[in-house]
Amino acid sequence: MEGIDAIIADFEREAPAIVPRSELKKHGWPWSDGHMANIASLRQGPPVFRAGARAVYRREDLVAFLREKLQPAGGCHV
């Protein structure tokens with residue numbers, strides 16, 4: 001398993017079932033909290049839920065988002 005598949009598998013293995021936005025980086029998430037908040041406000045990111053004052057995501061929704069958005073850098077093959 002190489003490249004994008006490996007990144008996704010690592011995230012899927014390490015992340016809990018429910019991931020607070022503030023803890024995404026801890027699990028290797030490639031985008032910042034601010035970016036995720038911005039795309040959530042535009043309804044362009046994975047579904048986001050509220051747990052009190054915290055924004056949280058389901059791991060399976062984050063994995064689907066990674067599969068959709070990650071792509072190899074120019075010239076790299078996976």
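Residues take their numbers from the sequence shown, with the count starting at 1.
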Nearest heavy-atom neighbours spanning [X] and [Y]:
| X | Y | result |
| --- | --- | --- |
| F65 | P46 | CD1-CD, 3.5 Å |
| R21 | A37 | NH1-CB, 3.5 Å |
| E14 | H27 | O-ND1, 3.5 Å |

The criterion is side-chain hydrogen bond (donor to acceptor under 3.5 Å, both in side chains); which residues satisfy it with [X], sequence neighbours excluded?
| X | result |
| --- | --- |
| R43 | none |
| D10 | R13 |
| R59 | none |

One should read off an interatomic distance between L66 CG and I7 CD1, to the nearest 0.5 angstrom, of 8.5 Å

dist N38:CG -> W31:CH2 (nearest 0.5 Å) comes out at 14.0 Å

Cluster membership besides V56, Ile/Leu/Val/Met/Phe/Trp/Tyr side chains within less than 4.5 angstrom, sorted by chain and number, is I18, F49

Here the ring pair (Phe, Tyr, Trp, His ring centres under 6.0 Å) pairs for residues 2-21, sequence neighbours left out, are F11-W29

Sorted by chain and residue number, the side-chain contact (heavy atoms from CB on, under 4.5 Å) partners of Q71 (sequence neighbours excluded) come out as none

Residues at least two apart in sequence or cross-chain that pass side-chain contact (heavy atoms from CB on, under 4.5 Å) with S22, listed by chain then number, are P20, D33, R54

Those residues at least two apart in sequence (or on a different chain) that pass salt bridge (charged side-chain N to carboxylate O under 4.0 Å, His left out) with R50 are none

So the side chain to side chain donor-acceptor pair (under 3.5 Å) pairs with at least one residue in residues 60-70 (sequence neighbours excluded) are R58-E60, R58-D61

